[in-house]
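Encoded as C-alpha coordinates, the structure appears first; notes follow it.
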Amino acid sequence: MLDMLAVCAHPDDLEVCAGGIFIKAKKEGLKTGLIILTDGAASGQAEAEERRAEAAEGARRLGLDYFVQLNFPDAALECSQEAVQALIPPLRKAAPRLIFTLHQADYHPDHVAAGRITEAAAFAAGLRKHAPDGSRWHYEAILYISADPRSNPLRPQLLFDISDVMEEKLHACDAHVSQEVSGFARAYAQSLGRMAGVPYAEGLYLGQVLVMDKAAGLLTGRP
(Lines give C-alpha, C1' and ligand atoms only; values in the text may rest on other atoms or scores of the structure.)
Protein backbone atom coordinates (compact mmCIF):
# COMPACT_ATOMS: atom_id res chain seq x y z
CA MET A 1 0.00 0.00 0.00
CA LEU A 2 1.29 3.44 -0.97
CA ASP A 3 0.73 6.56 1.08
CA MET A 4 0.63 8.86 -1.96
CA LEU A 5 0.05 8.12 -5.64
CA ALA A 6 -0.06 10.67 -8.47
CA VAL A 7 -1.94 9.96 -11.69
CA CYS A 8 -0.78 12.39 -14.37
CA ALA A 9 -1.30 12.88 -18.08
CA HIS A 10 2.32 13.41 -19.10
CA PRO A 11 5.91 12.80 -18.08
CA ASP A 12 7.06 15.89 -16.09
CA ASP A 13 3.56 16.83 -14.78
CA LEU A 14 4.34 15.57 -11.30
CA GLU A 15 7.85 17.03 -11.13
CA VAL A 16 6.63 20.48 -12.15
CA CYS A 17 3.44 20.57 -10.07
CA ALA A 18 4.21 18.59 -6.93
CA GLY A 19 7.73 17.21 -7.14
CA GLY A 20 8.70 19.00 -3.94
CA ILE A 21 5.77 17.54 -2.00
CA PHE A 22 6.66 14.03 -3.12
CA ILE A 23 10.35 14.53 -2.27
CA LYS A 24 9.39 15.77 1.20
CA ALA A 25 7.06 12.79 1.61
CA LYS A 26 9.93 10.38 0.93
CA LYS A 27 12.11 12.18 3.46
CA GLU A 28 9.31 11.68 6.00
CA GLY A 29 9.28 7.93 5.34
CA LEU A 30 6.14 7.77 3.21
CA LYS A 31 5.73 5.46 0.22
CA THR A 32 5.05 7.26 -3.06
CA GLY A 33 4.19 6.38 -6.63
CA LEU A 34 3.23 7.69 -10.06
CA ILE A 35 1.11 6.50 -12.98
CA ILE A 36 1.51 8.39 -16.28
CA LEU A 37 -1.34 7.93 -18.75
CA THR A 38 0.18 8.98 -22.10
CA ASP A 39 3.36 8.43 -24.10
CA GLY A 40 4.18 12.16 -23.89
CA ALA A 41 5.25 12.38 -27.55
CA ALA A 42 2.90 15.03 -28.95
CA SER A 43 5.18 18.03 -28.48
CA GLY A 44 7.46 16.93 -31.29
CA GLN A 45 10.51 17.58 -29.13
CA ALA A 46 11.12 13.86 -28.50
CA GLU A 47 9.79 10.50 -29.59
CA ALA A 48 7.84 8.29 -27.22
CA GLU A 49 10.84 6.08 -26.40
CA GLU A 50 12.93 9.07 -25.31
CA ARG A 51 10.09 10.47 -23.22
CA ARG A 52 9.68 7.08 -21.53
CA ALA A 53 13.36 7.10 -20.62
CA GLU A 54 13.06 10.64 -19.25
CA ALA A 55 9.96 9.66 -17.25
CA ALA A 56 11.75 6.69 -15.70
CA GLU A 57 14.71 8.86 -14.76
CA GLY A 58 12.41 11.50 -13.26
CA ALA A 59 10.73 8.81 -11.17
CA ARG A 60 14.15 7.62 -9.99
CA ARG A 61 15.18 11.13 -8.98
CA LEU A 62 11.94 11.55 -7.02
CA GLY A 63 12.69 8.29 -5.21
CA LEU A 64 9.31 6.78 -6.09
CA ASP A 65 8.44 3.33 -4.77
CA TYR A 66 6.05 2.58 -7.65
CA PHE A 67 6.05 3.75 -11.27
CA VAL A 68 3.87 2.81 -14.25
CA GLN A 69 3.52 4.49 -17.64
CA LEU A 70 0.58 3.63 -19.87
CA ASN A 71 0.54 4.21 -23.62
CA PHE A 72 -2.40 6.45 -24.50
CA PRO A 73 -1.59 9.04 -27.20
CA ASP A 74 -0.44 12.41 -25.97
CA ALA A 75 -2.77 15.33 -26.84
CA ALA A 76 -5.58 12.84 -27.56
CA LEU A 77 -6.39 11.52 -24.08
CA GLU A 78 -10.11 10.97 -23.51
CA CYS A 79 -12.15 9.95 -20.50
CA SER A 80 -13.27 6.64 -22.00
CA GLN A 81 -14.05 3.24 -20.55
CA GLU A 82 -10.87 1.98 -22.19
CA ALA A 83 -8.78 4.48 -20.24
CA VAL A 84 -10.66 3.92 -16.97
CA GLN A 85 -10.31 0.14 -17.24
CA ALA A 86 -6.60 0.45 -18.09
CA LEU A 87 -5.98 2.54 -14.98
CA ILE A 88 -7.84 0.29 -12.53
CA PRO A 89 -5.27 -2.58 -12.27
CA PRO A 90 -2.19 -0.43 -11.52
CA LEU A 91 -4.28 1.78 -9.25
CA ARG A 92 -5.56 -1.23 -7.35
CA LYS A 93 -2.03 -2.67 -7.12
CA ALA A 94 -0.72 0.59 -5.65
CA ALA A 95 -3.69 0.83 -3.24
CA PRO A 96 -2.83 4.42 -2.21
CA ARG A 97 -4.22 6.27 0.77
CA LEU A 98 -4.06 9.61 -1.05
CA ILE A 99 -4.47 10.12 -4.80
CA PHE A 100 -3.11 13.20 -6.57
CA THR A 101 -4.27 14.11 -10.07
CA LEU A 102 -4.58 17.09 -12.39
CA HIS A 103 -7.12 19.84 -11.84
CA GLN A 104 -9.91 19.96 -14.39
CA ALA A 105 -9.64 23.75 -14.67
CA ASP A 106 -6.28 23.34 -16.42
CA TYR A 107 -6.05 24.50 -20.03
CA HIS A 108 -4.62 21.28 -21.48
CA PRO A 109 -7.42 18.86 -22.52
CA ASP A 110 -5.27 15.91 -21.43
CA HIS A 111 -5.22 17.31 -17.89
CA VAL A 112 -9.00 17.59 -17.85
CA ALA A 113 -9.30 14.01 -19.11
CA ALA A 114 -6.71 12.73 -16.62
CA GLY A 115 -8.66 14.14 -13.69
CA ARG A 116 -11.90 12.58 -14.89
CA ILE A 117 -10.30 9.22 -15.65
CA THR A 118 -8.70 9.14 -12.21
CA GLU A 119 -11.95 9.92 -10.42
CA ALA A 120 -13.84 7.22 -12.31
CA ALA A 121 -11.10 4.61 -11.91
CA ALA A 122 -10.63 5.37 -8.21
CA PHE A 123 -14.32 4.74 -7.60
CA ALA A 124 -14.48 1.56 -9.68
CA ALA A 125 -11.22 0.15 -8.28
CA GLY A 126 -12.79 0.03 -4.83
CA LEU A 127 -15.57 -2.29 -5.96
CA ARG A 128 -15.48 -5.97 -5.05
CA LYS A 129 -15.28 -7.12 -8.70
CA HIS A 130 -11.79 -5.62 -8.95
CA ALA A 131 -10.52 -7.49 -5.88
CA PRO A 132 -10.11 -11.14 -6.94
CA ASP A 133 -8.08 -11.81 -3.80
CA GLY A 134 -10.89 -10.49 -1.61
CA SER A 135 -8.88 -7.53 -0.31
CA ARG A 136 -10.64 -4.29 0.52
CA TRP A 137 -9.35 -0.86 -0.51
CA HIS A 138 -10.66 2.67 -0.76
CA TYR A 139 -8.72 5.88 -0.99
CA GLU A 140 -8.96 8.50 1.76
CA ALA A 141 -8.97 11.57 -0.51
CA ILE A 142 -8.26 12.84 -4.00
CA LEU A 143 -6.12 15.97 -4.13
CA TYR A 144 -5.58 18.08 -7.24
CA ILE A 145 -2.50 19.73 -8.71
CA SER A 146 -2.44 22.37 -11.45
CA ALA A 147 0.07 22.95 -14.22
CA ASP A 148 -1.72 25.86 -15.86
CA PRO A 149 -1.90 28.70 -13.31
CA ARG A 150 -3.06 31.28 -15.85
CA SER A 151 -6.10 29.24 -16.91
CA ASN A 152 -7.06 28.09 -13.40
CA PRO A 153 -9.04 30.88 -11.69
CA LEU A 154 -8.93 29.15 -8.29
CA ARG A 155 -6.33 29.60 -5.58
CA PRO A 156 -4.94 26.40 -4.04
CA GLN A 157 -6.36 25.62 -0.60
CA LEU A 158 -3.10 24.08 0.65
CA LEU A 159 0.36 25.54 0.13
CA PHE A 160 3.53 23.56 0.90
CA ASP A 161 6.83 25.27 1.62
CA ILE A 162 9.30 23.36 -0.56
CA SER A 163 12.19 25.80 -0.23
CA ASP A 164 14.38 23.20 1.46
CA VAL A 165 13.97 20.70 -1.41
CA MET A 166 13.77 23.10 -4.34
CA GLU A 167 17.10 22.06 -5.84
CA GLU A 168 16.09 18.39 -5.63
CA LYS A 169 12.80 19.24 -7.36
CA LEU A 170 14.69 21.00 -10.17
CA HIS A 171 17.05 18.03 -10.44
CA ALA A 172 13.99 15.83 -11.05
CA CYS A 173 12.64 18.33 -13.59
CA ASP A 174 16.00 18.26 -15.37
CA ALA A 175 15.47 14.57 -16.13
CA HIS A 176 13.06 15.74 -18.83
CA VAL A 177 15.84 17.08 -21.01
CA SER A 178 13.76 17.33 -24.17
CA GLN A 179 11.10 19.51 -22.55
CA GLU A 180 13.22 22.11 -20.69
CA VAL A 181 10.67 22.54 -17.90
CA SER A 182 12.95 23.65 -15.07
CA GLY A 183 12.66 27.37 -15.77
CA PHE A 184 8.87 27.24 -15.69
CA ALA A 185 8.92 25.02 -12.58
CA ARG A 186 11.11 27.53 -10.72
CA ALA A 187 8.98 30.52 -11.72
CA TYR A 188 5.77 28.70 -10.80
CA ALA A 189 7.12 27.69 -7.38
CA GLN A 190 8.28 31.28 -6.79
CA SER A 191 4.81 32.65 -7.56
CA LEU A 192 3.18 30.24 -5.12
CA GLY A 193 5.94 31.02 -2.63
CA ARG A 194 5.00 34.71 -2.69
CA MET A 195 1.44 33.67 -1.87
CA ALA A 196 2.73 31.56 1.04
CA GLY A 197 5.34 34.04 2.24
CA VAL A 198 8.25 31.65 1.55
CA PRO A 199 10.84 31.41 -1.24
CA TYR A 200 9.23 28.43 -3.02
CA ALA A 201 5.93 26.59 -2.63
CA GLU A 202 3.60 24.12 -4.32
CA GLY A 203 -0.19 24.13 -4.16
CA LEU A 204 -2.93 21.57 -3.72
CA TYR A 205 -6.66 21.87 -4.39
CA LEU A 206 -9.13 19.95 -2.26
CA GLY A 207 -11.85 17.84 -3.81
CA GLN A 208 -13.38 16.97 -0.45
CA VAL A 209 -13.08 17.74 3.23
CA LEU A 210 -9.97 16.37 4.91
CA VAL A 211 -10.50 14.83 8.34
CA MET A 212 -7.90 15.24 11.11
CA ASP A 213 -7.78 13.46 14.45
CA LYS A 214 -4.94 15.37 16.16
CA ALA A 215 -5.22 19.02 17.16
CA ALA A 216 -1.44 19.29 16.88
CA GLY A 217 -1.81 18.88 13.14
CA LEU A 218 -3.22 22.42 13.01
CA LEU A 219 0.10 23.76 14.32
CA THR A 220 2.14 22.62 11.32
CA GLY A 221 0.83 25.35 9.03
CA ARG A 222 1.41 29.09 8.94
CA PRO A 223 -1.28 31.77 9.25
Side-chain angles (χ1 to χ4, degrees), residues 1-10 12-37 55 58-59 61-70 84 87-106 111-127 130-131 135-147 152 154-162 165 168-169 172 189 192 196 201-221:
M1 177 181 286
L2 297 183
D3 295 294
M4 295 166 40
L5 173 75
V7 181
C8 294
H10 311 110
D12 74 38
D13 285 341
L14 176 59
E15 288 88 332
V16 169
C17 300
I21 295 172
F22 273 62
I23 290 167
K24 289 173 81 76
K26 284 300 299 180
K27 290 178 180 291
E28 295 168 15
L30 301 182
K31 292 184 178 180
T32 60
L34 168 64
I35 299 172
I36 299 171
L37 296 173
R61 295 185 187 190
L62 289 176
L64 301 179
D65 299 286
Y66 181 80
F67 174 67
V68 172
Q69 184 171 2
L70 302 181
V84 171
L87 178 55
I88 288 173
L91 181 60
R92 184 71 197 226
K93 184 175 180 180
R97 295 179 60 187
L98 297 177
I99 299 172
F100 295 69
T101 193
L102 291 154
H103 200 289
Q104 293 172 39
D106 274 8
H111 293 191
V112 179
R116 291 175 178 167
I117 292 165
T118 302
E119 291 172 349
F123 173 80
L127 301 177
H130 295 295
S135 62
R136 299 173 64 87
W137 168 77
H138 196 276
Y139 62 90
E140 295 179 14
I142 297 180
L143 303 169
Y144 297 87
I145 57 179
S146 177
N152 192 334
L154 304 175
R155 288 168 58 114
Q157 287 96 358
L158 294 176
L159 290 170
F160 281 78
D161 182 356
I162 60 161
V165 297
E168 293 170 76
K169 170 189 169 78
L192 291 173
E202 290 173 344
L204 293 177
Y205 300 79
L206 303 182
Q208 62 199 79
V209 173
L210 293 180
V211 178
M212 304 176 67
D213 63 359
K214 291 182 173 62
L218 297 171
L219 301 176
T220 61

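Counting begins at 1 with the first residue of the sequence.
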Locate the shortest heavy-atom distance separating [X] from [Y]; write the atom from each residue and the value.
| X | Y | value |
| --- | --- | --- |
| P156 | L192 | CG-CD2, 4.1 Å |
| L159 | A196 | CD1-CB, 3.8 Å |
| D106 | A147 | OD2-N, 3.0 Å |
| G19 | L62 | O-CD2, 3.8 Å |
| F22 | L5 | CZ-C, 4.3 Å |

Exercise for the section: Any chance you could lay out the side-chain contact (heavy atoms from CB on, under 4.5 Å) test for K24 and I162, step after step, and finish with the verdict? Expected result: CA-CA 8 Å; K24 289 173 81 76; I162 60 161; 4.1 Å; yes
Would you check if [X] and [Y] make a side-chain contact, meaning some heavy-atom pair closer than 4.5 Å?
| X | Y | result |
| --- | --- | --- |
| S146 | N152 | yes |
| L158 | L210 | yes |
| P89 | H130 | no |
| F100 | C17 | no |
| I35 | Y66 | yes |
| P96 | L91 | yes |

Handout entry: side-chain hydrogen bond (donor to acceptor under 3.5 Å, both in side chains) contacts touching residues 201-213 (sequence neighbours left out)
Key =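 Qualifying pairs, neighbours excluded: K169-E202.
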If you measure from [atom1] on [X] to [atom2] on [Y], what distance do you get to the nearest 0.5 Å?
| X | Y | atom1 | atom2 | value |
| --- | --- | --- | --- | --- |
| M4 | L98 | CE | CG | 7.0 Å |
| Q69 | I36 | CD | CD1 | 4.5 Å |
| F67 | L34 | CZ | CG | 5.5 Å |
| R116 | L102 | CZ | CG | 13.0 Å |

Problem - With sequence neighbours excluded, residues passing side chain to side chain donor-acceptor pair (under 3.5 Å) with R97 - result: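 Side chain to side chain donor-acceptor pair (under 3.5 Å) check on R97 returns E140.
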So, does [X] use its side chain to make a donor-acceptor pair with the main chain of [Y] at under 3.5 Å?
| X | Y | value |
| --- | --- | --- |
| W137 | L127 | no |
| D13 | C8 | no |
| T101 | V7 | yes |

Practice task
Not counting sequence neighbours, which residues clear salt bridge (Lys or Arg N to Asp or Glu O under 4.0 Å) with K93? List them please.
Solution key: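 If we apply the salt bridge (Lys or Arg N to Asp or Glu O under 4.0 Å) test to K93, skipping adjacent residues, there are no hits.
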Handout entry: side-chain contact (heavy atoms from CB on, under 4.5 Å) between I99 and T118, intermediate numbers included
Key = CA-CA 9 Å; I99 299 172; T118 302; 3.7 Å; yes
Exercise for the section: Using the salt bridge (Lys or Arg N to Asp or Glu O under 4.0 Å) rule, collect all pairs that involve residues 14-23, keeping only residues at least two apart or in two chains. Expected result: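 Matches after skipping sequence neighbours: none remain.
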Pair up each side-chain donor or acceptor in residues 119-126 with any protein partner under 3.5 Å, not counting sequence neighbours, and list the distances.
from, atom 1, to, atom 2, distance (Å)
E119, OE1, Q104, NE2, 3.3
E119, OE2, Q104, NE2, 3.1
E119, OE2, Y144, OH, 2.5

Practice task
List for me each residue that meets side-chain contact (heavy atoms from CB on, under 4.5 Å) alongside D65, sequence neighbours excluded, and say none if there are none.
Solution key: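 Partners of D65 by the side-chain contact (heavy atoms from CB on, under 4.5 Å) criterion, ordered by chain and then number, come out as L2, K26, K31, T32.
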Exercise for the section: Kindly indicate, with the supporting measurements, whether the criterion salt bridge (Lys or Arg N to Asp or Glu O under 4.0 Å) is fulfilled by E168 and K27. Expected result: CA-CA 12 Å; E168 293 170 76; K27 290 178 180 291; 3.4 Å; yes
